[in-house]
**Q** 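Just passing along the structure, written as structure tokens.
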There are 2 protein chains.
Amino acid sequence: MSKTVEFWFDFSSPYGYVASLWMDEFAAETGATVVWRPFLIGIVFKHSGSQPMLNFPLKGDYARRDMVRAARRLGKDLKLPETFPFSSVAASRAVYALEGDPAASQAVAKALYTAAYEQGQDISDPANVAAIATAAGHDVAERLAAPEVKQRLKTVTDEAVERGIFGSPFFIADGEPFWGNEKRDDMRAWLENGGW
Amino acid sequence: MSKTVEFWFDFSSPYGYVASLWMDEFAAETGATVVWRPFLIGIVFKHSGSQPMLNFPLKGDYARRDMVRAARRLGKDLKLPETFPFSSVAASRAVYALEGDPAASQAVAKALYTAAYEQGQDISDPANVAAIATAAGHDVAERLAAPEVKQRLKTVTDEAVERGIFGSPFFIADGEPFWGNEKRDDMRAWLENGGW
């Protein structure tokens with residue numbers, strides 16, 4: 001039985017970054033194939049009438065502390081980039097530009113997340129995105145504006161809306177939905193036992 | 001070094017119920033003293049401009065599924081009572097009526113949560129609350145309307161507002177805030193290692 005996890009995230013989501021830190025280890029532990037699916041959560045929020053957690057007065061303060069703490073537990077020093085939230089269109093397109101090659105697209109996704117949340121880089125800028133991808137060994141500069149890449153991101157985001165994916169990170173593990181960075185342990189148990 | 005966890009919850013919070021299911025085991029695992037602090041989250045929501053998760057279109061559907069799944073992992077069949085959400089004033093007062101005796105107040109809190117989420121009972125009704133407490137071996141009928149008990153619940157709820165406690169369950173573990181039923185593992189690591 002092959003196990004599959006869809007890992008839905010927005011590059012502008014710090015908790016998505018935190019989840020990206022443990023995703024490879026999770027895949028190794030569970031034997032699951034993980035499909036990385038960046039999408040535009042701003043579009044989803046328009047449909048759901050929701051907002052980023054950071055916008056709420058008390059919850060936002062808590063989240064700022066909690067996300068840094070969650071990254072620190074994994075040995076990383078999370079810092080929000082100067083411009084935040086930012087457009088994740090260019091970064092997401094870079095991943096879909098390489099979609100035929102999961103290893104390459106995941107390597108670029110990780111490099112982009114690292115650039116944004118560890119190095120404070122502006123990954124809303126297509127030129128920066130292309131440079132980060134090149135440094136990770138993959139050339140996406142020309143494909144970033146390709147019509148099929150633009151369309152692919154739209155299609156995937158529409159799919160997120162249709163499937164009720166309302167936050168980031170969001171996982172579909174063998175068909176079962178899990179929301180949030182804290183669901184790692186639940187999701188592992190679910191995959192190992194085929195539910196409960 | 002004595003470890004202390006404040007366990008803040010609203011009886012009208014199904015995730016608070018789920019947390020109550022693991023709280024004793026958590027105390028035993030960590031050696032922490034757990035202080036059960038029911039409060040009125042409706043008052044907090046008025047201050048924070050927030051709402052119960054169940055009120056949001058997509059998130060609400062997910063939460064209904066997730067809370068049942070979380071309880072099932074702990075061997076319980078969570079069902080929302082017919083009237084939901086409900087006033088948790090009477091149930092909360094019952095706990096503070098017994099505050100001088102932590103074992104008694106926790107036993108009554110558990111009995112009330114069980115009545116609401118496993119047996120579908122209406123714990124907004126003071127007569128029901130008193131009957132459930134009596135069945136758990138503790139008489140609270142006369143104390144439910146005592147001025148000092150009413151005042152205690154107000155004071156505790158004000159404290160929740162002042163301290164930025166915006167959800168249920170919410171934990172303060174040796175001074176560190178954690179929000180949500182999923183924080184059990186983080187909180188255990190925090191207490192065991194004195195942070196990270």
Side-chain angles (χ1 to χ4, degrees), chain A residues 8 15 18 22 41 44-51 53 55-77 160-168 170-173 175-190 192-193 195-196, chain B residues 8 15 18 22 41 44-51 53 55-77 160-168 170-173 175-190 192-193 195-196:
Chain A
W8 292 79
Y15 285 111
V18 176
W22 52 259
I41 202 166
V44 168
F45 284 156
K46 275 185 197 160
H47 284 262
S48 66
S50 190
Q51 281 187 57
M53 194 171 165
N55 290 4
F56 292 93
L58 295 170
K59 207 178 280 187
D61 292 341
Y62 170 80
R64 276 169 219 278
R65 177 183 189 138
D66 181 57
M67 61 180 61
V68 169
R69 183 174 65 189
R72 198 168 63 234
R73 194 173 177 193
L74 300 168
K76 299 290 184 182
D77 182 18
V161 172
E162 280 158 28
R163 292 173 71 189
I165 291 167
F166 57 81
S168 167
F170 200 102
F171 313 95
I172 314 275
E176 186 74 10
F178 293 91
W179 171 46
N181 176 61
E182 287 103 340
K183 288 298 195 185
R184 177 178 177 173
D185 177 62
D186 266 2
M187 201 163 37
R188 182 175 48 213
W190 190 271
E192 282 173 357
N193 305 317
W196 60 73
Chain B
W8 292 79
Y15 284 111
V18 176
W22 51 260
I41 202 166
V44 168
F45 284 156
K46 274 184 198 159
H47 284 262
S48 66
S50 190
Q51 282 186 56
M53 195 172 164
N55 289 5
F56 292 93
L58 295 169
K59 206 178 282 186
D61 291 343
Y62 170 81
R64 276 169 219 277
R65 177 183 189 139
D66 181 56
M67 61 180 60
V68 169
R69 183 174 66 189
R72 197 168 65 235
R73 195 174 177 193
L74 300 169
K76 299 291 183 182
D77 181 18
V161 172
E162 279 158 29
R163 292 174 70 189
I165 291 168
F166 56 81
S168 167
F170 200 102
F171 313 96
I172 314 274
E176 185 74 10
F178 294 91
W179 171 46
N181 177 60
E182 287 102 340
K183 289 298 194 186
R184 177 178 177 172
D185 178 61
D186 266 0
M187 203 165 34
R188 182 174 48 214
W190 191 270
E192 283 172 358
N193 305 317
W196 60 73

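To find a chain, count down the sequence lines: A is the first, B the second, and so on, and within it residues start at 1.
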**Q** I'd like to know which of A:Pro177, A:Gly164, A:Ala189 tops the heavy-atom pair count under 4.5 Å against chain B.
**A** A:Pro177

**Q** Output, in order, the C-alpha distance, side-chain angles, deciding distance and verdict of side chain to side chain contact (heavy atoms under 4.5 Å, CB included) for A:Val44 and A:Ile165.
**A** CA-CA 8 Å; A:Val44 168; A:Ile165 291 167; 5.9 Å; no

**Q** Which of the residues B:Glu182, B:His47, B:Lys59 is involved in the greatest number of heavy-atom pairs with chain A at under 4.5 angstrom?
**A** B:Lys59

**Q** Going by ring pair (Phe, Tyr, Trp, His ring centres under 6.0 Å), B:Phe171 matches just one of B:Trp22, B:Trp179, B:Trp8, B:Trp190. Which one?
**A** B:Trp22

**Q** Can you tell me which portion of A:Asp186 sits under 4.5 Å from chain B's heavy atoms? Options are side chain, backbone, both or neither.
**A** both

**Q** Do you know which two heavy atoms are closest between A:Asn181 and A:Ala70, and how far apart they sit?
**A** ND2-CB, 4.1 Å

**Q** Do you know the tightest heavy-atom contact between B:Arg65 and A:Gly175?
**A** NH2-O, 4.5 Å

**Q** Examine whether an atom of B:Asn193 lies under 4.5 Å from a heavy atom of chain A, and if so say whether it belongs to the side chain, the backbone or both; otherwise answer neither.
**A** neither

**Q** With only heavy atoms counted, which part of B:Asp185 is less than 4.5 Å from chain A, the side chain, the backbone, both or neither?
**A** both

**Q** Tell me, for B:Pro57 versus chain A, whether the close heavy atoms (under 4.5 Å) come from the side chain, the backbone, both or neither.
**A** side chain

**Q** Between B:Trp196 (side chain) and A:Arg69 (backbone), is there a donor-acceptor pair under 3.5 Å?
**A** yes

